[in-house]
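Let me begin by presenting the structure, written as structure tokens, before commenting on it.
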Amino acid sequence: MSASDGMTTAQAVRSMLLLMPRLVGRAKRLPVPAALRGLDLAPRHLALLAHLQYEGPLTVSQLAERLEVAHTTVSLMVGDLSRLGVLTRKEDDADRRRRIVAIAPDYAAPITEWLSGSAAAWTEVLAALTPAERATIVATMRAYEAALDAHSGT
């Protein structure tokens, strides 16, 4: 069935229920660079690293806002990744009470490599769409995430 054929809601739900586990499975099979293999990184770490990779150094508060999680959750993740040497924390020159979090230089290339497979696939697919279509896909994925949260009681 092509996208122009249209789908009922039930057909779309069925298709997505069959598709999502395959997508997650494929994403999990993306090769982890050797420098990152022994670090026991979880998907939540990948999201944090992706923000730092694409946006540059950020404060813990900024990371918490972008990840939509509590400040303490990000502080714990940053602490874990800092102890492993993956992240660095330094004082903010503008406000010495704040800490700026960045990817450690030794891990910048492996993290770029790890994210590149997924980024290349998304780029290939999204580049063929109009800006409005891309916005619809992103909005739909966010709405799906929110609906999952609502139905799971989190």
*How long is the gap from CZ on Arg26 to CG on Leu19, to the nearest 0.5 Å?*
8.5 Å
Name every donor-acceptor pair, under 3.5 Å, that has one atom in a side chain of residues 74-85 and the other anywhere in the protein, sequence neighbours excluded.
residue: Ser75; atom: OG; partner: His71; partner atom: O; Å: 3.1
residue: Asp80; atom: OD1; partner: Arg83; partner atom: NH2; Å: 2.7
residue: Ser82; atom: OG; partner: Val78; partner atom: O; Å: 2.7
residue: Ser82; atom: OG; partner: Arg89; partner atom: NE; Å: 3.4
residue: Arg83; atom: NH1; partner: Gly79; partner atom: O; Å: 3.3

*Side-chain heavy-atom pair Leu52, Leu58 within 4.5 angstrom cut-off*: yes
*Please tell me if the side chains of Met20 and Leu23 come closer than 4.5 Å, counting only heavy atoms from C-beta onward.*
yes
*Name all pairs fulfilling the salt bridge (charged side-chain N to carboxylate O under 4.0 Å, His left out) condition that reach into residues 51-64, sequence neighbours left out, sorted by first residue then second.*
Glu55-Arg66
*Hey, what do you get for CG (Leu30) to CH2 (Trp114), rounding to the nearest 0.5 Å?*
9.5 Å
*Is it true that Val138 and Tyr54 fall in one hydrophobic cluster, defined by side-chain heavy atoms closer than 4.5 Å?*
no
*Does a salt bridge link Arg99 with Glu91, judged by any charged N lying under 4.0 Å from a carboxylate O?*
yes
*How long is the span from the CE atom in Met16 to the OG1 atom in Thr9, to the nearest 0.5 Å?*
13.0 Å
*Any side-chain heavy atom of Val101 within less than 4.5 Å of one from Thr59?*
no
*For Ala35 and Leu39, which heavy atoms make the closest approach, and how far apart are they?*
O-CD1, 3.9 Å
*Look only at the side chain of Ser118 and the backbone of Leu115, and say whether a donor-acceptor pair between them is shorter than 3.5 Å.*
no
*Please check if atom CG in Asp40 has more than 12 non-hydrogen atoms from other residues, nucleotides or ligands closer than 6.0 Å.*
no
*Are Asp93 and Ile100 close enough that some pair of their side-chain heavy atoms sits under 4.5 Å apart?*
no
*Tell me, with the steps shown, if Arg96 and Asp92 meet side chain to side chain contact (heavy atoms under 4.5 Å, CB included).*
CA-CA 5 Å; Arg96 298 214 178 265; Asp92 182 351; over 6 Å; no
_Working note: Leu87 + Ile103, criterion side chain to side chain contact (heavy atoms under 4.5 Å, CB included); need CA distance, chi angles, decisive distance, verdict._
CA-CA 4 Å; Leu87 299 179; Ile103 295 172; 4.2 Å; yes
*asked:* Please tell me whether Leu17 and Ile137 are part of a single hydrophobic cluster in this structure, the criterion being side-chain heavy atoms less than 4.5 Å apart.
replied: no
*asked:* Going by side-chain hydrogen bond (donor to acceptor under 3.5 Å, both in side chains), name the pairs with one or both residues in residues 122-146, residues two or more places apart or in two chains.
replied: Thr130-Glu133
*Between Thr73 and Val69, is there a donor-acceptor pair closer than 3.5 Å when you use the side chain of the first and the backbone of the second?*
no
_Less than 4.5 Å apart, side chain to side chain, heavy atoms only: is that true for Gln11 and Thr8?_
yes
